[in-house]
Amino acid sequence: MAKLVTPEMEKINRKLKKKSGRGNKPASPGREAWIRLKRNKLAVVGMVILVLLVLIAVFANFIAPYGIDDQDYTNVLSRPSLEHPFGTDQYGRDIFSRVIYGTRISFPIGIICVFLAYAIGGFFGAIAAFYGEKADMVIMRIMDIFQSIPPMLMAIAIAASLGTGAVNLVVAISVSTMPARARIVRSAVLSVKNNDYIESARAIGASSRRQLLKYMLPNALGPILTNITFSIATAILTVSSMSYLGLGIAAPTPEWGSMLSAGRTLMRTAPHVLVFPGVAIMITVLALNLFGDGLRDALDPRLK
Amino acid sequence: MLKYILKRLLWMIPVVLGVLVIVFTLSEITPGDPVDNIVGVDAAPELREAAREEYGLNKPVYVRFFNYVAGIVTRGDLGNSYSNGQPVINEISHRFPVTLKLTLSSVAVALLIALPLGVLSAVKQYSWMDNITMAAALFFVSIPQFWFALMLLLVFAVKLQVLPASGIDSILCWILPVAMIGIGNVGNLARVTRSSMLEIIRQDYIRTARAKGQRKSIVIFKHGLRNALMPVIANVGNTIGVSLGGAVVAESIFSIPGVGQYMLNAINARDWPCVQGGLVVLAVTFSVVMLLVDLLYTVIDPRLKTEFQAKGKFRMPGLKNRAPGKGGAA
C-alpha cells in the first residue's frame, strides 16, 4: 500500500469539511461512505433501478394492464404491440403484466434466501472466528465438506429431494450458499477481532455475546453488506435457473425463470416469449451488481 | 512441504465421506417409498418385497449407508438404477468425460479471454478500453446463463442456422454450450484479474523495475502478472465448481449426453440412485480440482513455500484458497 490517502479521498474530505461546517471534525464513516456512494454515477444508476423495481413490485396491480391469469384466446402468441407491449404467450396472457408481477416473486425470494443463508452461516462463521482454535477448526471443516459440492448442484439435489415449490427452493438455495456466507462473516469478524476497542470492551467486562454483537459485527459490517448485495443477485439468478429446470417455482406463477421454461418450445414460432422475462432478470441482477460495486468502493476506498 | 501435501491428501477422505453422508441423507428425506419407483405403485405385495430385498431397502439406514460406501470404495459401485436395474456407474462412466470436457474447456476459454482483458484494463486504468471491458464484464456476470443460451440458440441455430442446436457430434456443437457456461466466468475472472493486477502494479518493486529501465512489457508480464495470478488461481477452483453447475444446465438445454442431463432425467423419473451417483461423481471431481488448485497454489507462491520450510507445522489445509469471489460460488 503505497498511499493510503488518495487524491480522491482528499477531495471528499475537503468537501465534507465545507458541508458540515464543523471545522476539522470528521464525518462519521457511514456518512463518508454515503457521500462516496452518491458520487459514483454507476452506483446511483443501480440504486435508482432498484428503487424503481421495488416500486413496480409494490404497485404491480396498478401498473400491470392485465391480471396474471387473464387469458385472451383470440390473441394467442401475438407479437409485441401497443395493446400488449411484450406480446402474449401461448394462453393469450399478457407477458408485460406477467413480467411486472414477476418482481413480486424474484425479489422477496432472493432476499429471503440470502437472509436465511446469512442467519445460519453467519452464526457459525461468527462463532468460529470469535472462539477460534477448536471451534473454528470443527466448524470450518464441516463447511469445507458442504462446499465440496458445487452450490448449484447442491441446490439441485436438495430441491430434487424435497420437491418443487417456493419454500423448498428457498431451503435449497439457502443451505447450498450457507458455507460461503459463514466464510465471509468469519473473515470479517477475524479482521476486527484484535482491535484495541475489543480488548477494552473485554477489559470492562463485556460478555462474549456483547463483544460479538455490539462491537465486532457492526465494525465488520462493510464487507458483509457488499456481499449481501451480490448474494441477492446470485440468488435471483439461481432461483430463475432452478425454475427453468423445473425444480423451482412451477408454471402458472409468473416467475421469470418458469415463464422462460414454459416458452422454450416456442423458440421457432414465437421468440418474443423468450426475450422479455430474461431481460427482466438481467436488469435486476445488473442493478444489484452496480449497486454492490459502488458499495464496495464506498466502504473500502483503498480498492479503487 | 511434503507433510502439507500428505495432510491435504488425507483430508480428502473425510471430505468424500462427508459428501456421501450429505447425499445419502438427501435421499433418505425424499418423501415416498422408493419401491413405488422400482416396480410401480400398483405392483403385487410379493413383487414389492422382492424389490425391497433386491435393492437392500429392507435393511436399516446405517447398514445401507455402510454397504453404499463399501460398494464405492471396493468396486466403484454406485448402486443400480431404479428404473432399469442397470449399474449407475456404467452409464456415468460414458457420460462423465463429456461433462468434464465441457466444464474444463469452458473454463479454459474463459481464462484465455479474461486474463488479457483484465491485465489490459488494469494497465490502462480509466481508459476507454478499461471502461468498455469492465462494463462488458459486469454485463457478463449479470446475464442469466440459461437465458443467454436460449438467445444464442435463437440467433445462431434458429435465425442464422450456422450452429447446431444440440448434440456433440461435431466441434461446432461445443461452441454454444462453452459460450453459455463461459460468459459469466469471463466477466468474473476479468474483474478479479484487473483488481489483483491493480494492486500489484502499485507495489514498490514494480516501480523499482521500471526505474532501473526494464521494458514495460516485461515488467507487466514478468513482475506484474506472475504475482497477480495468485488470486486468479484461487478463483479458478470456484470457477470450475460454478461451471460444473452450469454444465448441468447446459446439458439440459443443448441435449448433451453428460452426467448433468442424466441426473436431471433421473430427478424427473424419481430414480434416486442415479441422482446420487451423479452427485457423488461431480462432488468428488470438484474436491479433486480444489485439491489440485491448493497444491498448485503452494507450488507457485514462494511465500507459502518458505512458510512451510520455516515452521514445519502449518495451519489447517484447504483454507487459504477459498477466496470469497464475487458472484458465482460466493
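Just so we're on the same page: letters track the sequence lines, and every chain starts at 1.
Atoms CE and CG, on A/Met154 and B/Leu26 in that order, are 6.5 Å from each other to the nearest 0.5 Å. For the atom pair CZ (B/Phe146) and OG (A/Ser240), the distance works out to 4.0 Å, reported to the nearest 0.5 Å. Considering CZ of B/Phe148 and CE of A/Met282, their distance stands at 10.5 Å, rounded to 0.5 Å.
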Walk me through whether B/Leu153 and A/Arg264 qualify under side-chain contact (heavy atoms from CB on, under 4.5 Å). CA-CA 10 Å; B/Leu153 276 175; A/Arg264 69 187 147 177; over 6 Å; no
Run the numbers on B/Arg191 and A/Asp293 for side-chain contact (heavy atoms from CB on, under 4.5 Å), then give the verdict. CA-CA 11 Å; B/Arg191 282 157 66 105; A/Asp293 272 354; 2.8 Å; yes
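The heavy-atom pair separating B/Leu138 from A/Leu290 by the smallest distance is CD2-CD2, 3.1 Å. Closest approach of A/Gln147 to B/Phe286, counting heavy atoms only: O-CE2, 3.2 Å. A pairwise comparison of heavy atoms in A/Leu274 and B/Met151 identifies O-CE, 3.5 Å as the closest pair. Taking both residues in full, the closest heavy atoms of B/Ser142 and A/Leu237 are given as O-CD2, 4.1 Å, listed atom of the first, atom of the second, then distance. When every heavy atom of A/Ser148 is checked against every heavy atom of B/Val19, the shortest pair comes out as OG-CG2, 3.3 Å. Between A/Ala157 and B/Trp272 the shortest heavy-atom distance is O-CH2, 3.7 Å.
With a 4.5 Å cut-off on non-hydrogen atoms, B/Leu17 does not touch chain A at all. For a residue to count as touching a neighbouring chain, one of its non-hydrogen atoms must lie under 4.5 Å from one of that chain's; by this rule B/Leu279 touches chain A with the side chain only. For B/Ile267, the part sitting under 4.5 Å from any heavy atom of chain A is the side chain, from C-beta outward, and nothing else. Contacts between B/Ile143 and chain A at a heavy-atom distance below 4.5 Å involve backbone atoms as well as side-chain atoms. For B/Phe139, the parts sitting under 4.5 Å from any heavy atom of chain A are the backbone and the side chain alike.
The neighbour count for A/Phe86 CZ, taken as heavy atoms of other residues, nucleotides or ligands under 6.0 Å away, is above 12. Under a cut-off of 6.0 angstrom, the local environment of CZ in B/Phe24 is crowded, with over 12 non-hydrogen atoms contributed by other residues, nucleotides or ligands.
Among A/Thr238, A/Ile142, A/Val279, A/Thr226, the residue making the largest number of heavy-atom pairs under 4.5 Å with chain B is A/Val279. The greatest number of non-hydrogen atom pairs below 4.5 Å with chain A, out of B/Ala283, B/Pro144, B/Gly241, is found for B/Pro144. The choice from B/Val15, B/Leu150, B/Leu244 that makes the most heavy-atom pairs within less than 4.5 Å of chain A is B/Leu150. If you tally non-hydrogen atom pairs under 4.5 Å between each of A/Leu288, A/Leu247, A/Leu245 and chain B, the highest count goes to A/Leu245.
In terms of modelled atom types and a separation under 3.5 Å, the side chain of B/Trp147 and the main chain of A/Gly257 share no donor-acceptor contact.
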